[in-house]
K.L.:
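Dropping the structure in here first, questions after.
Remember, it's 1-based here, ligands and their atoms both numbered in the order they're listed.
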Amino acid sequence: PQPFNWEDPLNAKSLYTEEEVAIAETAEAYCQERMLPRVLQAYRDEHYDKKILEEMGELGLLGATIEGYGCAGVSNVASGLITKAVERVDSGYRSGMSVQSSLAMGGIDEFGTQEQKEKFLPGMAKGKILGAFGLTEPNHGSDPGSMETTAKPHPTKKGYLSLSGSKTWITNSPIADVLLVWAKHHETGKIRGYLVERSECPPGTLETPALKNKNGLRASLTGMIHLDNCPVPEAMMFPDVEGLRGPFTCLNSARYGIAWGMTGALEDAVARTRQYALDRKQFKGNPIAKYQLVQKKLADAVTDAAMGTLACVQVGRLKDKGEAAPEMISLIKRQNCDRALYNTRVLQEVFGGNAVSDEYGIGRVVANLFVTQTYEGQSDIHSLILGRAITGIQAFV
Ligand code: TGC
Ligand code: FAD
């Protein structure tokens, strides 16, 4: 029989191309050697080092599936493997990357004019221009279709629209150079996408305060976006896309990435727990890894990580062919987030009192995974998306 590898139990690696393996190795080396040593202090200080995006840009890891504009143009599986490597270190670092790559760059690539693409994408690919994605509002999270932010003709500036409203819980907003804001257009009442450039906004028209004292995702920067009659050139509106199809198309890629990221976070928790259980001795000098209840916890987590990875590979291959239904992405986002959160909460028990010390990392992973289960569609919302597809009846309202 073939030997069993607990780190890749179903031999997912056999499904990757040589190029995908090489990309994964580059990403893993960067993440383990240069990101991991920073994360404990960053999490304590609630600090996000924006140089990380520049470093990722130098390695070609940003907007990696985009063709042209200095982007690598790799497969969806390769991009998933990058995401997995980053989230193995911390969900906050993956969050910063997802917003840059999938939500902001992805939106511009999919819906932007040629001028918008040329203006932003090359700098964003290098991590020199930072992006944010403003959909959620204080009163409208799961139901973004009810948003209140509006775009009206600017009262004094010809050729400009005036954006007003507030967005909240926006990753990277305090440091973003370009903010992709979704707002209702005055003529049609339909949601449109607008690229708000910080450097072009007169004082007082754009504020992006940070949201501090988070108890999860502390190594990522989160803030608000306040727009007060902010002038935005009409040329900075996405020309064609109307309605929720715009933001949700961007979310399809980001949600797909989170599903991959979950397998990295869970594998990291498994590796930490396995080592701890082998080292820690209780009752007659036995390592706690000897006890069946501890072994079951590891077996459950390893199984979910392995199956979650295979599901991501399948959806990634379909995505490359343009054959991935959005509900498939809801399925893997929900499943991988729920199983990662469940399993890490159980694995945390193996650390006993030491779980409470941040040095062991497991508490950070659990706190982060609550957020990943919540953003980009809370798991129950994805249940309803799937329920609608199964029954033909929508249960949101
Ligand atoms: P619904 O009637 O379902 O759809 C409205 C229009 O949108 C189209 N559509 C999609 N298009 C592409 N991809 C998808 N996945 C799509 N889902 C829907 C749909 O075809 C329709 O088009 P049209 O042309 O007919 O108008 O809209 P609804 O209002 O009933 O939606 C309900 C629901 C619950 C599905 C939706 O609102 C939802 O998914 N809510 C969750 C909100 C969410 O995910 N927010 C994410 C904010 S961004 C974020 O969290 C970033 S975190 C980043 C990080 O730090 O990593
Ligand atoms: P609510 O919509 O108020 O939901 C609260 C609870 O009610 C949830 O459990 C939900 O499932 C449940 N619920 C709601 N409606 C129903 C229903 N019809 N049936 C059953 N249950 C229901 N947003 C952005 O736009 N850009 C970002 O970059 C971004 N980054 C984020 C970073 C962080 C750290 C966090 C925490 C959030 C971020 N978000 C971002 C926002 C995120 O997408 C929202 O928090 C999420 O969509 C949920 O919205 P809400 O918080 O308003 O919760």
Side-chain angles (χ1 to χ4, degrees), residues 46 48 83 86-87 90-104 106-107 110-111 131-147 149 166-174 176 179-183 188-191 193 208 210-225 240-259 261-262 324-331 333-334 337-338 367-389 394-397:
E46 213 173 358
Y48 180 67
T83 311
V86 175
E87 194 133 12
D90 191 82
S91 297
Y93 291 157
R94 196 269 307 132
S95 214
M97 181 183 75
S98 292
V99 165
Q100 178 80 356
S101 293
S102 305
L103 293 176
E110 183 76 28
F111 299 118
F133 180 89
L135 181 66
T136 305
E137 298 188 352
N139 297 323
H140 310 284
S142 298
D143 176 23
S146 301
M147 70 173 60
T149 303
S166 288
K167 302 286 176 182
T168 195
W169 289 116
I170 307 303
T171 302
N172 289 354
S173 81
L179 302 104
L180 170 48
V181 172
W182 300 94
T188 57
K190 294 220 166 130
I191 294 167
T208 55
L211 293 166
K212 299 304 271 184
N213 305 321
K214 289 181 293 179
N215 56 22
L217 226 72
R218 289 174 59 85
S220 151
L221 195 49
T222 319
M224 299 187 78
I225 303 175
D240 298 319
V241 69
E242 276 189 338
L244 282 173
R245 190 173 72 79
F248 284 156
T249 300
C250 308
L251 282 164
N252 289 337
S253 289
R255 289 167 172 174
Y256 164 77
I258 292 181
M262 289 305 91
E327 287 82 1
M328 294 179 188
I329 293 169
S330 284
L331 188 154
K333 197 275 180 186
R334 182 182 83 126
C337 286
D338 285 358
N368 282 343
L369 293 185
F370 170 78
V371 178
T372 62
Q373 192 204 42
T374 300
Y375 62 25
E376 303 210 6
Q378 203 274 343
S379 271
D380 285 347
I381 296 300
H382 288 292
S383 304
L384 299 184
I385 291 172
L386 290 166
R388 176 175 63 183
Q394 72 95 347
F396 299 108
V397 184

K.L.:
Is there a protein heavy atom less than 4.0 Å away from atom 11 (O) of ligand 2?
P.N.:
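Protein heavy atoms within 4.0 Å of atom 11 (O) of ligand 2 - there is at least one.
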K.L.:
Check whether any side-chain heavy atom of Thr208 lies under 4.5 Å from a side-chain heavy atom of Leu179, and answer yes or no.
P.N.:
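Answer yes - side chains close enough.
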K.L.:
List the closest protein heavy-atom neighbour of atom 15 (N) of ligand 1: residue, atom name, distance to the nearest 0.1 Å.
P.N.:
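Looking only at protein heavy atoms, the one closest to atom 15 (N) of ligand 1 is Asn252 OD1, 2.8 Å.
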K.L.:
With respect to Arg388, determine whether any N or O atom, backbone or side chain, lies less than 3.5 Å from an N or O atom of ligand 1.
P.N.:
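Indeed, backbone or side chain, Arg388 has an N or O that close.
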K.L.:
Of all the heavy-atom pairs spanning Ser91 and Leu369, show the shortest one and how long it is.
P.N.:
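It is OG-CD2, 3.9 Å.
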K.L.:
How far is atom 22 (O) of ligand 1 from its nearest protein heavy atom, and which residue and atom is that?
P.N.:
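For atom 22 (O) of ligand 1, the nearest protein heavy atom comes out as Arg245 CB, 4.5 Å.
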K.L.:
If you have a sec, work out which protein heavy atom is nearest atom 26 (N) of ligand 2 and how many Å separate them, to one decimal?
P.N.:
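The protein heavy atom lying closest is Phe133 O, 2.9 Å.
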K.L.:
Under 3.5 Å between some N or O of ligand 2 and some N or O of Thr136?
P.N.:
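Checking ligand 2 against Thr136, an N or O pair does fall under 3.5 Å apart.
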K.L.:
On a heavy-atom basis, which atom in Ala254 and which in Leu103 lie closest, and how many Å separate them?
P.N.:
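Smallest interatomic distance, heavy atoms only, reads CB-CD2, 3.7 Å.
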K.L.:
Does the protein place a non-hydrogen atom closer than 4.0 angstrom to atom 52 (O) of ligand 2?
P.N.:
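Given the 4.0 Å limit, the answer for atom 52 (O) of ligand 2 is yes, a protein heavy atom qualifies.
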K.L.:
Is the closest protein non-hydrogen atom to atom 37 (O) of ligand 1 under 4.0 Å?
P.N.:
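Within 4.0 Å: yes, protein heavy atom nearby.
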K.L.:
Can you tell if the side chain of Tyr375 reaches within under 4.5 Å of the side chain of Ile258, non-hydrogen atoms only?
P.N.:
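Counting from C-beta outward, Tyr375 and Ile258 do come under 4.5 Å.
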K.L.:
Which is it for Leu217 and ligand 2 at heavy atoms under 4.0 Å: side chain, backbone, both or neither?
P.N.:
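Answer for Leu217: side chain.
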K.L.:
At what distance is the nearest protein heavy atom to atom 42 (C) of ligand 1, and which residue and atom is it?
P.N.:
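Here the nearest protein heavy atom works out to Gly141 O, 3.7 Å.
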K.L.:
Is at least one protein non-hydrogen atom found at under 4.0 angstrom from atom 46 (C) of ligand 2?
P.N.:
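It does: a protein heavy atom is found less than 4.0 Å away from atom 46 (C) of ligand 2.
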K.L.:
If you define the side chain from C-beta out and look only at heavy atoms, does anything of Phe133 sit under 4.5 Å from Pro247?
P.N.:
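Heavy-atom side-chain distance check passes, below 4.5 Å.
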K.L.:
So which protein heavy atom does atom 41 (C) of ligand 1 come closest to, and at what separation?
P.N.:
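Closest protein heavy atom to atom 41 (C) of ligand 1: Ser142 O, 3.6 Å.
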K.L.:
Heavy atoms, side chains only, cut-off 4.5 Å: are Arg334 and Ser383 in contact?
P.N.:
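Yes. Closest side-chain heavy atoms under 4.5 Å.
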K.L.:
Which heavy-atom pair separates Glu376 from His382 by the least distance, and what is that distance?
P.N.:
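Smallest interatomic distance, heavy atoms only, reads O-NE2, 2.9 Å.
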K.L.:
With a 4.0 Å cut-off on heavy atoms, is Thr222 touching ligand 1?
P.N.:
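So Thr222 does not count as touching ligand 1.
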K.L.:
Does a side-chain heavy-atom distance below 4.5 Å link Thr168 with Leu211?
P.N.:
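Of all side-chain heavy-atom pairs linking Leu211 with Thr168, at least one is under 4.5 Å.
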K.L.:
Closest heavy-atom contact between Ser173 and Ile225?
P.N.:
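Heavy atoms only, the tightest pair is CB-CG1, 3.9 Å.
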K.L.:
When you measure from atom 56 (O) of ligand 1 to the protein, is at least one non-hydrogen atom found at a distance under 4.0 Å?
P.N.:
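Yes; the ligand atom in question has protein heavy-atom contact below 4.0 Å.
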K.L.:
Please state which protein non-hydrogen atom is closest to atom 2 (O) of ligand 2 and give its distance, to 0.1 Å?
P.N.:
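Its nearest protein heavy-atom neighbour is Ser142 OG, 2.7 Å.
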K.L.:
Establish whether atom 20 (O) of ligand 1 and some protein heavy atom are separated by less than 4.0 angstrom.
P.N.:
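Neighbour list for atom 20 (O) of ligand 1 is empty of protein heavy atoms (cut-off 4.0 Å).
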K.L.:
What heavy-atom pair brings Gly134 and Lys167 nearest, and what distance separates the two atoms?
P.N.:
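Result for this residue pair: O-CE, 3.5 Å.
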K.L.:
Ignoring hydrogens, just give me the one of Ile329, Thr249, Leu221, Ile191 whose non-hydrogen atom is nearest atom 12 (C) of ligand 1.
P.N.:
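Closest candidate by heavy-atom distance is Thr249.
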K.L.:
Does the side chain of Leu331 come within less than 4.5 Å of Glu327's, by heavy atoms?
P.N.:
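Not in contact.
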K.L.:
Can you pull out the closest protein heavy atom to atom 34 (C) of ligand 1? Residue, atom name and distance to 0.1 Å, please.
P.N.:
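For this ligand atom, the closest protein heavy atom is Phe396 CE2, 3.3 Å.
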K.L.:
Would you say Ser95 and Leu217 make side-chain contact, with heavy atoms under 4.5 Å?
P.N.:
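Of all side-chain heavy-atom pairs linking Leu217 with Ser95, at least one is under 4.5 Å.
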K.L.:
Can you tell me the protein heavy atom closest to atom 27 (O) of ligand 1 and the distance?
P.N.:
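Answer, as residue, atom name and distance: Leu244 CD1, 3.8 Å.
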K.L.:
Is it the side chain (CB and beyond), the backbone, both or neither of Asp143 that lies under 4.0 Å from ligand 2, heavy atoms counted?
P.N.:
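Within the 4.0 Å criterion, Asp143 makes no contact with ligand 2.
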K.L.:
Looking only at heavy atoms, is any part of His140 under 4.0 Å from ligand 2, and if so is it the side chain, the backbone, or both, or is it neither?
P.N.:
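Contact part for His140 vs ligand 2: neither.
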K.L.:
Below 4.0 Å from any atom of ligand 1, is there a heavy atom belonging to Gly145?
P.N.:
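Distance cut 4.0 Å: Gly145 fails for ligand 1.
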K.L.:
Just go through Trp182, Phe370, Tyr375 and tell me whose heavy atom is the nearest to atom 35 (C) of ligand 2.
P.N.:
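Among Trp182, Phe370, Tyr375, the closest heavy atom to atom 35 (C) of ligand 2 comes from Tyr375.
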K.L.:
For atom 39 (O) of ligand 1, which candidate among Lys333, Glu327, Arg255 holds the nearest heavy atom?
P.N.:
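When every heavy atom of Lys333, Glu327, Arg255 is considered, Arg255 comes closest to atom 39 (O) of ligand 1.
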K.L.:
May I ask you to identify the nearest protein heavy atom to atom 17 (C) of ligand 2, giving residue, atom name and distance to one decimal place in Å?
P.N.:
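Nearest neighbour among protein heavy atoms for atom 17 (C) of ligand 2, to 0.1 Å: Leu384 CD1, 4.0 Å.
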K.L.:
Looking only at protein heavy atoms, identify the closest one to atom 28 (O) of ligand 2 and say how far it is in Å.
P.N.:
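Nearest protein contact, heavy atoms only, for atom 28 (O) of ligand 2 is Thr171 N, 3.0 Å.
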K.L.:
Between Ile258 and ligand 1, which residue portion shows a heavy-atom distance shorter than 4.0 Å: side chain, backbone, both, or neither?
P.N.:
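Within the 4.0 Å criterion, Ile258 makes no contact with ligand 1.
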K.L.:
At a non-hydrogen distance cut-off of under 4.0 Å, which region of Arg94 contacts ligand 1 (side chain, backbone, both, or neither)?
P.N.:
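Arg94 to ligand 1: side-chain contact only, backbone stays beyond 4.0 Å.
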K.L.:
Does Val371 approach ligand 2 within less than 4.0 angstrom via side chain, backbone, both or neither, non-hydrogen atoms only?
P.N.:
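For Val371, only side-chain atoms sit under 4.0 Å from ligand 2.
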K.L.:
Give the residue and atom name of whichever protein heavy atom lies nearest to atom 46 (C) of ligand 1, and the separation in Å to one decimal.
P.N.:
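Nearest neighbour among protein heavy atoms for atom 46 (C) of ligand 1, to 0.1 Å: Glu376 CA, 3.7 Å.
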K.L.:
Any chance you could lay out the side chain to side chain donor-acceptor pair (under 3.5 Å) test for Arg94 and Ser98, step after step, and finish with the verdict?
P.N.:
CA-CA 6 Å; Arg94 196 269 307 132; Ser98 292; 3.1 Å; yes
K.L.:
Short check: is a protein heavy atom less than 4.0 Å from atom 14 (C) of ligand 2?
P.N.:
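Yes.
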K.L.:
Which residue owns the protein heavy atom closest to atom 8 (C) of ligand 2, what's the atom, and how far is it?
P.N.:
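I find the closest protein heavy atom is Gln378 CG, 3.9 Å.
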K.L.:
Can you check whether Ile385 has an N/O within less than 3.5 Å of an N/O in ligand 1?
P.N.:
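Not met; the criterion fails.
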K.L.:
Which residue holds the protein heavy atom closest to atom 18 (N) of ligand 2, what is that atom called, and what is the gap in Å?
P.N.:
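Protein heavy atom at minimum distance: Phe396 O, 2.9 Å.
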K.L.:
Taking 4.0 angstrom as the limit and counting only heavy atoms of Leu251, give me the atoms of ligand 1 inside it, by number and element.
P.N.:
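Contacts of ligand 1 toward Leu251, numbered from 1: 44 (O), 46 (C), 48 (S).
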K.L.:
Tell me the nearest of Phe133, Trp169, Phe248 to atom 14 (C) of ligand 1, using heavy-atom distances.
P.N.:
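Minimum heavy-atom distance to atom 14 (C) of ligand 1 goes to Phe248.
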K.L.:
Measuring from atom CE of Met147 to atom OG1 of Thr136, what distance do you get when rounded to the nearest 0.5 angstrom?
P.N.:
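Spacing of CE (Met147) from OG1 (Thr136) equals 8.5 Å.
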K.L.:
At a 4.0 Å threshold, what atoms of ligand 2 neighbour a non-hydrogen atom of Leu135?
P.N.:
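Near Leu135, meaning under 4.0 Å from one of its heavy atoms, ligand 2 has 25 (O).
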K.L.:
Does the protein put any heavy atom within less than 4.0 Å of atom 24 (O) of ligand 1?
P.N.:
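No, there is no protein heavy atom closer to it than 4.0 Å.
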K.L.:
Is Thr136 touching ligand 1 with its side chain, its backbone, both, or neither, if touching means heavy atoms under 4.0 Å apart?
P.N.:
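Contact part for Thr136 vs ligand 1: side chain (C-beta onward).
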K.L.:
Considering only the protein, which heavy-atom contact is closest to atom 54 (C) of ligand 1, and what is its distance?
P.N.:
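That would be Ser95 OG, 3.0 Å.
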K.L.:
Looking at atom 16 (C) of ligand 2, what's its closest protein heavy atom, distance included?
P.N.:
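For atom 16 (C) of ligand 2, the nearest protein heavy atom comes out as Ile381 CD1, 3.8 Å.
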K.L.:
Do Thr149 and Glu137 get their side chains close enough for a donor-acceptor pair, meaning under 3.5 Å?
P.N.:
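Glu137 and Thr149 do have a side-chain donor-acceptor pair below 3.5 Å.
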K.L.:
Looking only at protein heavy atoms, identify the closest one to atom 27 (C) of ligand 2 and say how far it is in Å.
P.N.:
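Result for atom 27 (C) of ligand 2: Trp169 O, 3.3 Å.
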